[in-house]
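Keep in mind that the numbers below use all heavy atoms, side chains included, and drop hydrogens, waters and symmetry copies.
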There are 2 protein chains.
Amino acid sequence: MTRRPGIDEVAALAGVSKSTVSRVLNGAPHVSTRTREAVRRAVIQLGYAPNQAARSLAGHRANAIALVVSETTGRVLADPFVAGVMRGVHAELAGRRTQLVLMMSRPGDVGSYLTGGHVDGALVISMHGHDPLLSLLHDNGLPVVAGGRPLAGGPVPYVDSDNFTGAVDATRHLISLGCGRIATIAGPTDMAVGLDRLSGWRRAMSGRRTDLVAHGDFTAQGGASAMTSLLTREPELDAVFVAADIMALGALQVLNAHGRRVPEDVAVVGFDDSVPAVPPLTTVRQDVERFGRMLMWRLLAEIEGEEGLPPSVLLPTSLVLRTSA
Amino acid sequence: MTRRPGIDEVAALAGVSKSTVSRVLNGAPHVSTRTREAVRRAVIQLGYAPNQAARSLAGHRANAIALVVSETTGRVLADPFVAGVMRGVHAELAGRRTQLVLMMSRPGDVGSYLTGGHVDGALVISMHGHDPLLSLLHDNGLPVVAGGRPLAGGPVPYVDSDNFTGAVDATRHLISLGCGRIATIAGPTDMAVGLDRLSGWRRAMSGRRTDLVAHGDFTAQGGASAMTSLLTREPELDAVFVAADIMALGALQVLNAHGRRVPEDVAVVGFDDSVPAVPPLTTVRQDVERFGRMLMWRLLAEIEGEEGLPPSVLLPTSLVLRTSA
DNA sequence: CTGAAAGCGCTAACAT
DNA sequence: ATGTTAGCGCTTTCAG
């Protein structure tokens with residue numbers, strides 16, 4: 001492999017100074033079309049690719065954006081969500097000379113790196129509880145957007161699915177089916193996504209019996225335990241709104257083991273549209289890829305200092321009717 | 001936010017030159033304990049964090065490693081695999097000042113970036129077919145390790161699960177159960193993981209009927225189609241080895257729809273241990289996190305120029321007995 | 001519209 | 001064991 005060409009070689013070949021090459025590369029104005037073309041040709045001919053480290057150093061920009069996924073989240077929250085968001089985030093970045101740096105944070109350790117000027121902004125995905133990372137970053141002036149409403153509130157803009165409305169729709173569907181004893185397997189109480197879906201269920205259930213609530217941790221295992229507990233408390237229940245498909249899988253196993261047929265004996269609605277199941281799940285779909293694109297779009301706008309941006313964005317969900325309810 | 005301190009400030013505070021600070025930071029030898037301590041204190045007091053761009057530029061090291069996931073793979077291959085591998089990769093990197101840069105490659109576009117000196121090495125996950133990326137990187141002298149055996153062969157070291165043996169074990173289990181008509185839903189023929197699991201099935205089936213093969217694309221949908229085709233060709237089949245749990249989910253749906261009970265009428269064994277199902281799947285487990293750690297370990301060894309490294313590593317799998325077979 | 005020159009913050013010889 | 005001196009390859013004033 002031959003040494004890679006530097007900007008000087010390009011300049012020489014194009015017969016201009018390296019300043020001009022730099023201008024062309026960065027799309028600066030005030031460059032004649034002739035020179036621009038000459039430089040472009042030279043770049044191609046030499047297969048020149050600028051050195052990012054040098055660019056960052058000289059340009060005071062990192063040309064990198066961090067995607068922070070809390071370590072627990074990586075394990076707990078349905079992986080399809082994170083994977084889909086990543087795809088969207090990436091798609092939105094396409095064409096830019098910006099790297100996506102992935103970080104899995106144990107609480108506390110990534111803060112100094114991020115505020116240390118190594119990235120131009122950060123996307124922080126679905127934090128638990130009152131993680132101080134968001135405010136830390138924000139207070140240090142780093143552009144940040146949260147994926148999922150931060151429980152603690154605060155000034156950080158966020159993108160989220162409309163979990164509340166999705167849950168309302170799901171529950172109303174159960175009601176419209178004529179179900180009388182509708183339970184819910186909710187998510188953890190330290191995540192907004194868990195609380196919002198529970199609130200939606202409560203809203204739709206107003207005027208009805210709302211004590212049939214069990215919490216799971218967004219794992220199949222958790223869904224199974226919750227279902228068992230629900231069945232013990234109310235053997236006659238005839239419907240369950242499960243706040244995540246992955247938990248619904250566990251619930252389905254338990255219902256099956258207890259001889260309940262789905263949907264004949266118990267109707268089940270999930271959330272996420274992330275897993276195939278037997279029977280196929282009626283569920284609330286969220287477009288995770290779009291979620292990711294929106295997230296990145298919002299962050300780029302933030303970084304570029306656009307004015308009048310909405311503090312947050314709520315993405316619509318839709319009910320997908322299948323067999324389970 | 002106040003301007004972040006540079007190495008000069010640290011040097012001044014510690015009463016030494018910046019070279020010495022650099023030495024301490026990089027763990028170079030020939031530094032007295034006294035100075036080392038003084039520098040450490042100064043670093044902490046100032047909250048100093050070195051500028052990566054400058055380090056890379058001066059040190060001719062990128063301090064970054066790329067994790068390349070082909071775009072199709074991101075969508076098609078069971079996400080739990082990629083997510084788990086990422087966790088492992090990350091865990092192995094913990095403590096190093098090295099960033100993980102995530103890239104989703106459309107065939108062809110990441111090559112120049114990677115060979116352009118922006119990363120010190122690359123991990124390339126589960127390529128389809130004869131993707132030229134691996135050899136491109138390798139030929140350019142970039143340390144590379146493949147996650148999953150590259151179909152095309154070649155000199156690039158790789159880490160993989162022992163898919164062949166896993167499939168043999170799974171199939172032998174089916175045979176030991178007394179099943180007589182054992183089919184398989186294999187993976188795509190353009191991925192080693194698909195071929196290896198199929199070979200394992202064939203090996204275990206030697207002397208038996210081996211025409212009951214249908215291919216799926218590692219999606220539930222694909223598994224469902226394959227199962228349908230199998231059932232049409234041989235309504236009497238009494239066992240299926242499915243080369244991926246996610247496809248098994250689809251197969252289960254179809255078996256269910258056709259009135260076949262699992263495991264009473266048809267025994268099913270999956271691969272990956274990645275999804276909860278009804279009934280719970282007997283499956284071949286691979287430790288994906290370990291896979292990721294091994295991958296990164298191997299790449300770091302490669303980068304550091306260690307001698308006598310094995311060209312490839314095969315990680316063991318284990319059969320997990322549950323209800324489906 | 002273009003060129004010259006001065007760094008960006010660090011590492012790595014080379015001295016001492 | 002530590003300090004001095006050059007750059008690393010760009011971007012960016014500032015001239016022209």
Colleague: Give the minimum heavy-atom separation between B/V144 and B/H138, together with the two atoms involved.
Modeller: CG2-N, 4.1 Å

Colleague: Would you call B/R87 and A/M104 a side-chain contact if the rule is heavy atoms closer than 4.5 Å?
Modeller: yes

Colleague: Ignoring hydrogens, what is the shortest heavy-atom contact between A/H118 and B/P50? Give both atom names and the distance.
Modeller: CE1-O, 3.0 Å

Colleague: Taking the side chain as everything from C-beta on, heavy atoms only, tell me whether A/R41 gets closer than 4.5 Å to A/I44.
Modeller: no

Colleague: Roughly, in whole Å, what's the span from CZ in B/R55 to P in D/dG9?
Modeller: 18 Å

Colleague: CG of B/N63 versus P of D/dC8: gap in Å, rounded?
Modeller: 18 Å

Colleague: Using whole Å, what does the distance between atom C1' of nucleotide C/dC8 and atom NE2 of A/H60 come to?
Modeller: 5 Å

Colleague: D/dT12, OP1 or OP2 - any side-chain N/O from A/R61 closer than 4.0 Å?
Modeller: yes

Colleague: Are the side chains of B/I125 and B/F81 in contact, using a 4.5 Å heavy-atom criterion?
Modeller: yes

Colleague: What residue among B/L142, B/V68, B/V119 forms side-chain contact (heavy atoms from CB on, under 4.5 Å) with B/L137?
Modeller: B/L142

Colleague: Do B/M103 and B/L114 have side chains that approach each other closer than 4.5 Å (heavy atoms only, starting at C-beta)?
Modeller: yes

Colleague: What I'd like to find out is whether the side chain of B/R55 reaches to under 4.5 Å of the side chain of B/N26, using heavy atoms alone.
Modeller: yes

Colleague: Would you sketch DNA chain D in dot-bracket for me? Only Watson-Crick or G-U wobble pairs with both distances under 3.5 Å count, crossing pairs as [ ], other-strand pairs as |, the rest as dots.
Modeller: ||||||||||||||||

Colleague: How long is the line joining CG of A/L25 and P of D/dG9, in whole Å?
Modeller: 16 Å

Colleague: Please state how far atom CG in B/N51 lies from atom P in C/dC10, giving the value in whole angstrom units.
Modeller: 6 Å

Colleague: Quickly work out the A/L57 CG to C/dG7 C1' distance and round it to whole Å.
Modeller: 9 Å

Colleague: When all nucleic acid strands are considered with a 4.0 Å heavy-atom cut-off, which category describes B/N26: base, sugar-phosphate, or nothing?
Modeller: sugar-phosphate

Colleague: Going by heavy atoms in the side chains, are B/V313 and B/Y158 under 4.5 Å from each other?
Modeller: no

Colleague: Does C/dC10 have OP1 or OP2 sitting under 4.0 Å from an N or O in the side chain of B/Y48?
Modeller: yes

Colleague: Would you give a per-nucleotide map of nucleotides 1-7 of chain D, 5' to 3', where B means the base has a protein non-hydrogen atom under 4.0 Å away, S means only the sugar-phosphate does, and - means neither?
Modeller: SBBB--B

Colleague: Send over the distance from B/D8 CG to C/dC10 P, rounded to a whole Å.
Modeller: 7 Å

